[in-house]
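Because only heavy atoms are used, hydrogens play no part in the values below, and waters and symmetry mates are left out as well, while side chains stay in. Along the sequence shown, the residues carry numbers beginning at 1. In listed order, ligands and their atoms are each counted from 1.
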Amino acid sequence: SDHALEYPESPETMDWSAYYPAFVDPSNRDDATQIKAMRKDVEVVDIGCGFGGLLVALAPILSDKLLLGLEIRTSVTEFVQERIWALREQNKGKYDNAACIRANTMKFLPNFFRKAQLSKIFICFPDPHFKARKHKARIVSTTLNSEYAYALRPGGIVYTITDVEALHEWMVEHLNAHLSFERVPEEEVESDECVVAMRNETEEGKKVTRNNGQKFVALFRRKEDPPWE
Ligand code: SAM
(Lines give C-alpha, C1' and ligand atoms only; values in the text may rest on other atoms or scores of the structure.)
Protein backbone atom coordinates (compact mmCIF):
# COMPACT_ATOMS: atom_id res chain seq x y z
CA SER A 1 0.00 0.00 0.00
CA ASP A 2 1.02 3.64 -0.34
CA HIS A 3 1.37 4.61 3.31
CA ALA A 4 4.99 3.48 3.34
CA LEU A 5 5.78 5.35 0.13
CA GLU A 6 7.89 8.43 0.56
CA TYR A 7 7.45 11.14 -1.99
CA PRO A 8 8.29 14.86 -2.09
CA GLU A 9 5.67 17.52 -1.58
CA SER A 10 6.81 19.16 -4.82
CA PRO A 11 9.73 18.80 -7.26
CA GLU A 12 11.52 21.68 -5.50
CA THR A 13 11.62 19.72 -2.23
CA MET A 14 13.06 16.55 -3.76
CA ASP A 15 16.68 15.98 -2.77
CA TRP A 16 18.41 14.04 -5.55
CA SER A 17 21.91 14.27 -4.11
CA ALA A 18 21.99 10.78 -2.58
CA TYR A 19 20.87 9.23 -5.86
CA TYR A 20 23.34 11.03 -8.13
CA PRO A 21 26.23 12.09 -5.87
CA ALA A 22 28.52 12.70 -8.85
CA PHE A 23 26.12 15.38 -10.09
CA VAL A 24 25.83 17.47 -6.93
CA ASP A 25 26.75 21.10 -7.52
CA PRO A 26 29.17 21.81 -4.62
CA SER A 27 28.97 25.58 -5.06
CA ASN A 28 25.23 25.69 -4.64
CA ARG A 29 23.35 24.70 -1.52
CA ASP A 30 20.00 26.03 -0.48
CA ASP A 31 20.58 27.07 3.14
CA ALA A 32 16.89 27.29 3.93
CA THR A 33 15.98 23.78 2.83
CA GLN A 34 19.43 22.14 3.10
CA ILE A 35 18.73 20.62 -0.31
CA LYS A 36 21.86 20.28 -2.39
CA ALA A 37 21.49 21.71 -5.87
CA MET A 38 22.29 19.48 -8.79
CA ARG A 39 24.23 20.21 -11.97
CA LYS A 40 21.54 18.40 -13.94
CA ASP A 41 17.90 17.45 -13.58
CA VAL A 42 16.44 14.00 -14.16
CA GLU A 43 15.44 13.90 -17.81
CA VAL A 44 14.75 10.25 -18.66
CA VAL A 45 12.31 8.09 -16.71
CA ASP A 46 11.58 4.35 -16.87
CA ILE A 47 8.11 3.73 -15.44
CA GLY A 48 7.83 0.34 -13.74
CA CYS A 49 11.51 -0.33 -14.40
CA GLY A 50 11.47 -3.83 -12.92
CA PHE A 51 15.00 -5.21 -12.50
CA GLY A 52 16.65 -2.28 -14.27
CA GLY A 53 17.91 -3.86 -17.51
CA LEU A 54 16.89 -0.86 -19.60
CA LEU A 55 18.37 1.69 -17.18
CA VAL A 56 21.70 -0.09 -17.17
CA ALA A 57 21.68 -0.36 -20.98
CA LEU A 58 20.74 3.29 -21.51
CA ALA A 59 23.10 4.86 -18.94
CA PRO A 60 26.17 4.70 -21.23
CA ILE A 61 24.11 5.57 -24.35
CA LEU A 62 22.52 8.67 -22.75
CA SER A 63 25.65 9.47 -20.76
CA ASP A 64 24.97 13.23 -20.57
CA LYS A 65 21.50 12.78 -19.04
CA LEU A 66 20.20 11.68 -15.63
CA LEU A 67 18.09 8.51 -15.84
CA LEU A 68 15.62 7.38 -13.20
CA GLY A 69 13.78 4.09 -12.79
CA LEU A 70 10.52 4.18 -10.86
CA GLU A 71 9.39 0.90 -9.34
CA ILE A 72 6.62 0.16 -6.88
CA ARG A 73 7.99 -3.09 -5.40
CA THR A 74 10.35 -2.43 -2.49
CA SER A 75 12.56 -5.48 -2.95
CA VAL A 76 12.89 -4.89 -6.69
CA THR A 77 13.79 -1.22 -6.12
CA GLU A 78 16.50 -2.26 -3.65
CA PHE A 79 17.82 -4.83 -6.10
CA VAL A 80 18.15 -2.17 -8.84
CA GLN A 81 19.83 0.29 -6.45
CA GLU A 82 22.39 -2.34 -5.45
CA ARG A 83 22.90 -3.31 -9.07
CA ILE A 84 23.70 0.30 -9.96
CA TRP A 85 26.00 0.82 -6.95
CA ALA A 86 27.94 -2.30 -7.93
CA LEU A 87 28.25 -1.11 -11.54
CA ARG A 88 29.47 2.30 -10.35
CA GLU A 89 32.15 0.58 -8.27
CA GLN A 90 33.30 -1.59 -11.17
CA ASN A 91 33.14 1.08 -13.89
CA LYS A 92 34.22 4.40 -12.44
CA GLY A 93 32.22 7.26 -13.92
CA LYS A 94 30.04 5.11 -16.14
CA TYR A 95 26.80 4.58 -14.22
CA ASP A 96 26.72 7.75 -12.10
CA ASN A 97 23.81 9.01 -14.18
CA ALA A 98 21.38 6.17 -13.39
CA ALA A 99 19.29 5.63 -10.25
CA CYS A 100 16.11 3.95 -9.07
CA ILE A 101 13.51 5.00 -6.53
CA ARG A 102 10.43 3.37 -5.15
CA ALA A 103 7.31 5.18 -6.32
CA ASN A 104 3.76 4.62 -7.41
CA THR A 105 3.78 6.37 -10.76
CA MET A 106 -0.01 6.26 -10.94
CA LYS A 107 -0.22 8.72 -8.09
CA PHE A 108 2.84 10.83 -7.47
CA LEU A 109 4.49 11.70 -10.78
CA PRO A 110 3.89 15.49 -10.56
CA ASN A 111 5.46 15.45 -7.09
CA PHE A 112 8.78 14.45 -8.64
CA PHE A 113 8.93 16.34 -11.96
CA ARG A 114 8.29 19.92 -13.03
CA LYS A 115 6.37 20.78 -16.14
CA ALA A 116 8.44 20.02 -19.25
CA GLN A 117 11.36 18.58 -17.23
CA LEU A 118 11.57 15.23 -19.05
CA SER A 119 12.72 14.39 -22.57
CA LYS A 120 11.94 10.65 -22.55
CA ILE A 121 9.48 8.40 -20.71
CA PHE A 122 9.75 4.62 -21.14
CA ILE A 123 6.80 2.32 -20.48
CA CYS A 124 8.13 -1.19 -21.09
CA PHE A 125 6.01 -4.32 -20.81
CA PRO A 126 3.55 -2.82 -18.31
CA ASP A 127 1.28 -5.21 -16.44
CA PRO A 128 -1.55 -5.97 -18.91
CA HIS A 129 -4.54 -6.06 -16.50
CA PHE A 130 -6.57 -8.11 -18.97
CA LYS A 131 -10.02 -7.94 -17.36
CA ALA A 132 -12.17 -4.93 -18.32
CA ARG A 133 -12.83 -4.02 -14.67
CA LYS A 134 -9.03 -3.85 -14.18
CA HIS A 135 -8.37 -1.51 -17.10
CA LYS A 136 -8.34 1.46 -14.77
CA ALA A 137 -5.15 0.02 -13.28
CA ARG A 138 -3.35 0.34 -16.63
CA ILE A 139 -0.39 2.67 -16.68
CA VAL A 140 -1.53 4.27 -19.94
CA SER A 141 -4.88 6.01 -19.55
CA THR A 142 -6.50 9.33 -20.36
CA THR A 143 -5.63 10.75 -16.93
CA LEU A 144 -2.08 9.45 -16.77
CA ASN A 145 -1.36 10.57 -20.34
CA SER A 146 -2.08 14.12 -19.20
CA GLU A 147 0.51 13.68 -16.46
CA TYR A 148 3.04 12.37 -18.98
CA ALA A 149 2.22 15.35 -21.25
CA TYR A 150 2.78 17.72 -18.31
CA ALA A 151 6.16 16.25 -17.36
CA LEU A 152 7.43 15.94 -20.95
CA ARG A 153 8.86 18.88 -22.85
CA PRO A 154 7.63 19.59 -26.39
CA GLY A 155 9.56 17.22 -28.66
CA GLY A 156 9.94 14.70 -25.82
CA ILE A 157 8.96 11.09 -26.45
CA VAL A 158 6.88 8.40 -24.73
CA TYR A 159 8.24 4.96 -25.62
CA THR A 160 5.92 1.97 -25.27
CA ILE A 161 6.53 -1.74 -25.80
CA THR A 162 4.48 -4.82 -24.94
CA ASP A 163 4.02 -8.41 -26.05
CA VAL A 164 0.26 -8.18 -25.50
CA GLU A 165 -1.33 -7.02 -28.74
CA ALA A 166 -4.58 -5.87 -27.11
CA LEU A 167 -2.60 -3.72 -24.67
CA HIS A 168 -0.56 -2.27 -27.53
CA GLU A 169 -3.79 -1.29 -29.26
CA TRP A 170 -5.08 0.22 -26.02
CA MET A 171 -1.93 2.31 -25.51
CA VAL A 172 -1.95 3.50 -29.14
CA GLU A 173 -5.63 4.37 -28.96
CA HIS A 174 -5.26 6.37 -25.73
CA LEU A 175 -2.10 8.21 -26.76
CA ASN A 176 -3.53 8.95 -30.24
CA ALA A 177 -6.66 10.37 -28.65
CA HIS A 178 -4.63 12.79 -26.52
CA LEU A 179 -4.21 16.24 -28.09
CA SER A 180 -0.65 16.64 -26.76
CA PHE A 181 0.74 13.58 -28.54
CA GLU A 182 1.44 12.53 -32.11
CA ARG A 183 2.73 9.12 -33.21
CA VAL A 184 6.38 8.94 -34.26
CA PRO A 185 6.71 7.54 -37.81
CA GLU A 186 8.08 4.04 -38.36
CA GLU A 187 11.42 5.06 -39.99
CA GLU A 188 12.26 7.23 -37.02
CA VAL A 189 11.30 4.46 -34.57
CA GLU A 190 13.58 1.97 -36.29
CA SER A 191 16.57 4.34 -36.27
CA ASP A 192 16.29 5.14 -32.54
CA GLU A 193 18.95 3.33 -30.50
CA CYS A 194 16.75 3.53 -27.41
CA VAL A 195 14.23 1.31 -29.22
CA VAL A 196 16.89 -1.35 -29.74
CA ALA A 197 17.66 -1.25 -26.01
CA MET A 198 13.97 -1.37 -25.12
CA ARG A 199 13.44 -4.47 -27.31
CA ASN A 200 16.52 -6.38 -26.20
CA GLU A 201 17.74 -5.20 -22.79
CA THR A 202 14.62 -5.14 -20.62
CA GLU A 203 14.18 -8.33 -18.58
CA GLU A 204 10.71 -8.78 -20.07
CA GLY A 205 12.00 -8.19 -23.58
CA LYS A 206 14.57 -10.97 -23.08
CA LYS A 207 11.90 -13.32 -21.79
CA VAL A 208 9.68 -12.64 -24.82
CA THR A 209 12.65 -13.30 -27.14
CA ARG A 210 13.31 -16.66 -25.41
CA ASN A 211 9.64 -17.59 -25.92
CA ASN A 212 9.71 -16.44 -29.55
CA GLY A 213 6.96 -13.93 -28.74
CA GLN A 214 6.09 -10.77 -30.63
CA LYS A 215 6.96 -7.27 -29.41
CA PHE A 216 4.78 -4.29 -30.29
CA VAL A 217 6.45 -0.89 -30.18
CA ALA A 218 4.86 2.56 -30.41
CA LEU A 219 6.43 5.98 -29.81
CA PHE A 220 4.57 9.23 -29.29
CA ARG A 221 5.99 12.75 -29.45
CA ARG A 222 4.89 15.54 -27.14
CA LYS A 223 3.57 18.33 -29.35
CA GLU A 224 3.99 22.05 -28.71
CA ASP A 225 1.10 23.52 -26.75
CA PRO A 226 -1.19 25.49 -29.08
CA PRO A 227 -0.77 29.28 -28.76
CA TRP A 228 -3.33 31.05 -26.58
CA GLU A 229 -6.13 32.63 -28.63
N1 SAM B 1 9.83 -2.63 -17.43
C2 SAM B 1 10.37 -3.88 -16.91
C3 SAM B 1 10.77 -4.79 -18.05
O4 SAM B 1 10.36 -4.50 -19.17
O5 SAM B 1 11.48 -5.77 -17.81
C6 SAM B 1 9.39 -4.57 -15.94
C7 SAM B 1 8.06 -4.99 -16.51
S8 SAM B 1 7.00 -5.74 -15.28
C9 SAM B 1 5.91 -6.71 -16.22
C10 SAM B 1 6.01 -4.36 -14.73
C11 SAM B 1 6.66 -3.61 -13.58
O12 SAM B 1 5.90 -2.43 -13.26
C13 SAM B 1 6.74 -4.42 -12.32
O14 SAM B 1 8.08 -4.42 -11.86
C15 SAM B 1 5.80 -3.70 -11.36
O16 SAM B 1 6.18 -3.82 -10.00
C17 SAM B 1 5.88 -2.28 -11.85
N18 SAM B 1 4.71 -1.42 -11.53
C19 SAM B 1 3.41 -1.76 -11.63
N20 SAM B 1 2.62 -0.73 -11.26
C21 SAM B 1 3.44 0.30 -10.92
C22 SAM B 1 3.22 1.62 -10.43
N23 SAM B 1 2.00 2.09 -10.24
N24 SAM B 1 4.30 2.39 -10.18
C25 SAM B 1 5.55 1.92 -10.38
N26 SAM B 1 5.81 0.68 -10.83
C27 SAM B 1 4.78 -0.14 -11.09
Side-chain angles (χ1 to χ4, degrees), residues 1-8 14 19 42 44-59 61-62 67-84 87 98-113 118 120-131 133-148 150-152 157-168 170-171 174 189 192-219:
S1 70
D2 290 330
H3 65 265
L5 274 171
E6 281 183 36
Y7 60 96
M14 179 68 196
Y19 298 98
V42 172
V44 177
V45 161
D46 184 3
I47 289 193
C49 68
F51 295 95
L54 181 68
L55 277 178
V56 161
L58 289 180
I61 297 176
L62 305 173
L67 281 56
L68 183 70
L70 298 162
E71 174 50 55
I72 201 167
R73 287 180 289 170
T74 310
S75 58
V76 177
T77 306
E78 285 167 3
F79 172 88
V80 178
Q81 288 171 340
E82 276 162 31
R83 183 176 180 180
I84 291 170
L87 282 168
C100 177
I101 57 174
R102 180 165 179 245
N104 181 351
T105 57
M106 297 188 81
K107 293 189 175 174
F108 305 121
L109 219 53
N111 293 71
F112 288 99
F113 311 113
L118 305 180
K120 296 177 193 292
I121 294 179
F122 290 89
I123 302 176
C124 299
F125 302 96
D127 296 324
H129 299 294
F130 287 108
K131 293 192 178 118
R133 68 182 168 78
K134 284 274 189 183
H135 284 176
K136 60 181 183 301
R138 285 180 170 173
I139 216 100
V140 163
S141 68
T142 308
T143 316
L144 287 169
N145 289 351
S146 292
E147 293 197 359
Y148 304 146
Y150 173 85
L152 270 179
I157 295 181
V158 179
Y159 292 74
T160 73
I161 185 168
T162 176
D163 57 327
V164 179
E165 191 165 12
L167 179 62
H168 169 68
W170 164 283
M171 294 197 286
H174 283 76
V189 171
D192 188 328
E193 54 188 344
C194 297
V195 172
V196 179
M198 184 167 81
R199 279 207 179 98
N200 302 316
E201 305 294 342
T202 53
E203 277 72 17
E204 283 298 320
K206 288 181 180 162
K207 200 190 290 179
V208 176
T209 301
R210 283 197 297 276
N211 298 333
N212 294 316
Q214 266 187 291
K215 298 174 200 174
F216 304 93
V217 172
L219 273 53

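In this structure, Val76 does not count as a contact residue of ligand 1, since none of its heavy atoms falls inside 4.0 Å of the ligand. Heavy atoms of Cys49 approach ligand 1 to within less than 4.0 angstrom.
The aromatic ring centres of Phe79 and Phe51 sit less than 6.0 Å apart.
Thr77 places a side-chain N or O within 3.5 Å of a backbone atom of Glu71 that can act as its donor or acceptor partner.
Classification of Glu193 and Lys120 as a salt-bridged pair fails, no side-chain N sitting under 4.0 Å from a carboxylate O. Glu204 has a carboxylate O that lies under 4.0 Å from a charged side-chain N of Lys207, or vice versa, which qualifies the two as a salt bridge.
Glu71 OE1, 3.4 Å is the protein heavy atom nearest to atom 17 (C) of ligand 1. In terms of protein heavy-atom proximity, atom 5 (O) of ligand 1 is nearest to Glu204 N, 3.0 Å. Here the protein heavy atom with the shortest distance to atom 9 (C) of ligand 1 is Phe125 O, 3.0 Å. With respect to atom 19 (C) of ligand 1, the closest heavy atom belonging to the protein is Asp127 OD2, 3.5 Å. Residue, atom and distance of the protein heavy atom nearest to atom 21 (C) of ligand 1 are Ile72 CG2, 3.8 Å.
Checked by atom type, the side-chain pair Tyr159/Asp192 shows a donor-acceptor distance below 3.5 Å. Side-chain contact annotation: Thr162 with Lys215, donor-acceptor N/O pair under 3.5 Å absent.
Residues Lys136 and Ser141 form no side-chain contact, since every pair of their non-hydrogen atoms from C-beta on lies 4.5 Å or further apart. The closest side-chain heavy-atom distance from Gln214 to Asp163 is not below 4.5 Å. At least one side-chain heavy atom of Phe113 sits under 4.5 Å from a side-chain heavy atom of Val45.
Those atoms of ligand 1 that come under 4.0 Å of a heavy atom in Ala103, given as number and element, are 24 (N), 25 (C). Remark: ligand 1 atoms within the under-4.0 Å shell around heavy atoms of Glu203 are 5 (O). Distances below 4.0 Å separate heavy atoms of Cys124 from the following atoms of ligand 1: 1 (N), 2 (C), 4 (O), 7 (C). The atoms of ligand 1 that sit less than 4.0 Å from any heavy atom of Asn104 are 22 (C), 23 (N), 24 (N).
When the heavy atoms of Val208, Thr202, Leu70 are ranked by distance to atom 4 (O) of ligand 1, first place goes to Thr202. Distances from atom 24 (N) of ligand 1 to the heavy atoms of Leu144, Thr105, Thr162 put Thr105 nearest. Residue nearest to atom 1 (N) of ligand 1, selected from Gly48, Gly69, Gly205: Gly48 (by heavy-atom distance).
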